[in-house]
Amino acid sequence: MGFFRNIMTVGVWTLFSRILGMGREVLFYALIGVGPVLDAFIVAFRLPNMFRRFFAEGALNAAFVPMFSKRIEKDQDPDDFASQSMAWLAVILIFLTAIAMIFMPILVWATAGGFSQDTRFDLAVQYGRIVFPYIFLISLAALLSGVLNAKGHFAIAAAAPVILNIFIILALGFAWLTAQSAITYLVWSVPAAGFVQLTLLWTTVRRNHVKVTLAWPQLSPEMGHLLKVAIPAALANGVVQINLLVGQIVASFFPGAVSWLYGADRLYQLPLGVVGIAVGIVLLPELSRRLQTNDDVGAQTAFCRAGEISFALTFPAAVALFIIPLPLVSALFEHGATGRSDAEAIALACAIYGLGLPAFIFQKLLQPLYFAREDTKRPFRYAVLAMTVNGALALSLMPYLGWISPAVATSVSAWLMVILLSNGARQFGHVARFDARTKRRLVRIVIASLGMGAALWACDLYLGPMMHTSLMRMVYGAGIVFAGMIFYGIFAQLTGGLALGDIRRSMKHF
């Protein structure tokens with residue numbers, strides 16, 4: 001129940017962050033609109049976020065959290081380990097930020113080659129130099145979040161990302177109210193939010209009596225081992241970012257395509273972030289602790305229950321994204337400067353990403369099995385193979401499918417990655433296997449989700465053509481989401497995919 005409560009804590013805060021994130025995307029498309037300015041900002045904003053996933057979600061999550069958790073269990077001076085980790089991370093980030101600021105034109109050219117012949121290139125360079133220092137602030141904040149997660153304090157670490165979305169919404173709202181340049185306030189809100197996030201987490205860590213200090217970096221066997229584990233993890237996560245970059249490079253040659261794919265990416269990232277990331281964050285320290293005490297039964301139970309939660313909450317979302325993407329996209333983005341043709345393009349990408357959503361979730365579930373054992377090399381090798389397939393597909397399909405080829409390649413390579421991770425996890429024995437209860441639940445969840453999808457398709461076939469105004473589309477979008485929840489709940493109860501009694505007992509401990 002404590003495991004479920006932690007997942008719910010992270011999930012609720014992540015849901016709140018993603019809802020605000022969708023609000024900021026709505027403002028992007030309404031106030032700025034699909035075009036060169038938004039394309040340039042998206043490319044610039046992705047640069048620090050790309051490197052953040054190298055350091056924060058790659059090296060720190062996969063290497064630092066398990067090692068720090070073990071030192072807590074063995075009482076091996078975890079505070080000094082955290083301080084030295086932060087010192088080395090700060091040195092690396094300062095060097096990286098300085099290089100990026102100097103060579104920003106090369107970075108933009110490498111990540112959006114199609115911009116080189118028009119005004120989007122200079123805009124992306126300008127915006128990139130403003131937002132890139134965010135990587136320094138947010139990566140240090142991520143290390144502090146890892147400290148809190150390993151200590152069992154998930155709430156503030158999960159709440160911190162909300163700050164970025166709040167700052168962006170306030171900046172865009174102020175620009176709209178004062179009739180000033182939205183993009184100017186937008187780009188400066190990013191580093192400001194990073195500073196506040198770092199300050200909040202630093203204060204929270206100190207209040208929880210963890211003595212992380214600003215130490216001078218020193219070479220030691222511990223730091224050498226951390227580096228040895230962290231580099232493959234960072235590269236493995238970096239391979240995922242290379243997949244996104246390949247898609248961005250392809251899209252940069254088609255006007256508006258960067259913005260279309262970004263909108264679709266943000267929509268499918270909502271269930272992925274709320275469920276997949278929440279489960280991954282909670283599962284990793286849980287597995288690390290149980291494997292450290294040789295509790296294989298407890299580790300398998302945690303893995304199976306995490307699988308049930310993940311699949312029960314994301315498979316119906318994947319079905320909805322594939323069956324009825326246009327009502328969802330229209331409700332969010334078809335306003336102001338963004339028209340129907342843009343909404344239809346975003347919806348097409350959403351449907352394709354929806355096919356890959358379960359694979360992205362299973363990756364978040366399977367990777368902690370490796371990371372908890374400090375095994376980061378094999379996930380890296382699997383990621384390289386998946387990256388190669390992704391790049392080959394995106395480029396080879398480009399002449400035939402155009403701008404949508406990156407979405408197809410992303411979904412195919414995601415399923416390949418799941419197959420590789422699943423096969424590799426067989427050596428972990430029964431810990432990495434779903435028990436009989438989980439297998440039954442997964443089959444029933446699939447049936448319930450397909451029933452929900454059929455019902456939503458029938459509703460949209462009749463009601464969709466009647467939605468003509470922005471207000472009607474927004475109300476209809478909210479209504480069809482609510483209807484989907486009702487349909488899924490009914491079918492899940494009828495099939496036994498979800499047990500109402502289990503949910504009630506779990507919620508009593510939330």
Side-chain angles (χ1 to χ4, degrees), residues 49-50 52-54 56-59 61-63 229-250 261 264-265 268-269 271-273 275-281 283-284 287 303 306-307 310-311 314-315 317-318 321-322 349 351-397 405-428 431-434 442:
N49 278 289
M50 176 183 69
R52 173 178 64 85
R53 290 186 173 95
F54 269 91
E57 296 176 12
N61 189 50
V229 176
I231 288 177
L235 293 175
N237 229 51
V239 166
V240 177
Q241 299 312 303
I242 292 172
N243 288 344
L244 293 175
L245 283 180
V246 169
Q248 183 172 279
I249 291 169
V250 171
L261 288 175
D265 175 80
Y268 93 83
Q269 285 282 344
L272 175 60
V275 183
I277 293 175
V279 168
I281 287 173
L283 184 59
L284 179 57
L287 287 176
F303 176 69
S310 301
F311 208 66
T314 55
F315 195 79
L321 285 175
F322 181 72
I352 296 172
Y353 282 137
L355 293 174
L357 179 58
F360 298 126
I361 295 296
F362 275 125
Q363 288 181 38
K364 298 292 183 183
L365 186 67
L366 291 167
Q367 285 173 338
L369 292 171
Y370 295 84
F371 297 158
R373 295 170 171 82
E374 298 180 15
D375 180 0
T376 56
K377 292 181 179 179
R378 284 195 298 159
F380 168 62
R381 291 197 294 267
Y382 300 153
V384 168
L385 179 57
M387 176 201 70
T388 304
V389 171
N390 177 83
L393 279 176
L395 295 174
S396 63
L397 292 176
S405 63
V408 176
T410 297
S411 292
V412 172
S413 63
W415 281 109
L416 173 61
M417 185 69 173
V418 169
I419 293 171
L420 294 171
L421 288 169
S422 298
N423 288 335
R426 288 179 180 177
Q427 75 171 62
F428 300 143
V431 171
R433 297 173 190 160
F434 287 141
L442 296 188

Worksheet item: Just by modelled atom types, is the Val408 backbone N or O under 3.5 Å from a matching donor or acceptor in the Ser411 side chain?
Response: no

Worksheet, complete the sentence: Nearest heavy-atom approach of Ala349 to Ala264 is CB-CB, 3.4 Å

Worksheet, complete the sentence: To the nearest 0.5 Å, atom CZ of Phe311 lies from atom CG of Leu442 at 5.5 Å

Item to complete: Work out which heavy atom in Tyr353 is nearest to a heavy atom in Asp265; give both atom names and the distance.
Response: CE1-N, 4.0 Å

Fill in: Val418 versus Ala359, closest heavy-atom pair with distance
CG2-O, 3.2 Å

Discussion item. Has Gln363 got a side-chain atom pairing as donor or acceptor with Ala414's backbone, closer than 3.5 angstrom?
Written reply: yes

Worksheet, complete the sentence: Distance col, row Ile419:CD1 vs Leu366:CG, nearest 0.5 angstrom, shows 11.5 Å

Practice prompt. Work out which heavy atom in Val246 is nearest to a heavy atom in Gly391; give both atom names and the distance.
Written response: CG1-CA, 4.1 Å

Worksheet item: Is Trp415 close to Pro358 at the side-chain level, that is, under 4.5 Å between some pair of heavy atoms?
Response: yes

Worksheet entry | Non-hydrogen atoms of Val250 and Ser405 that approach each other most closely | CG1-OG, 3.8 Å

Item to complete: Write down the atom of Gln367, the atom of Met417, and the distance for their closest heavy-atom approach.
Response: NE2-CE, 4.2 Å

Worksheet item: Is a donor on one side and an acceptor on the other found under 3.5 Å between the side chain of Ser310 and the backbone of Ile361?
Response: no

Worksheet item: Would a 4.5 Å heavy-atom cut-off, applied to side chains only, mark Leu416 and Val412 as touching?
Response: no

Discussion item. I'd like to check Pro406 versus Leu261 (side-chain heavy atoms, cut-off strictly below 4.5 Å). Are they in contact?
Written reply: yes

Worksheet entry | Geometric class of the Tyr382/Tyr370 ring pair [parallel <30°, tilted 30-60°, perpendicular >60°] | perpendicular

Worksheet item: Heavy-atom distance under 4.5 Å between the side chains of Asn390 and Thr410, does that happen here?
Response: yes

Discussion item. With a sphere of 6.0 Å drawn around CZ of Phe322, does it hold more than 12 non-hydrogen atoms of other residues, nucleotides or ligands?
Written reply: no

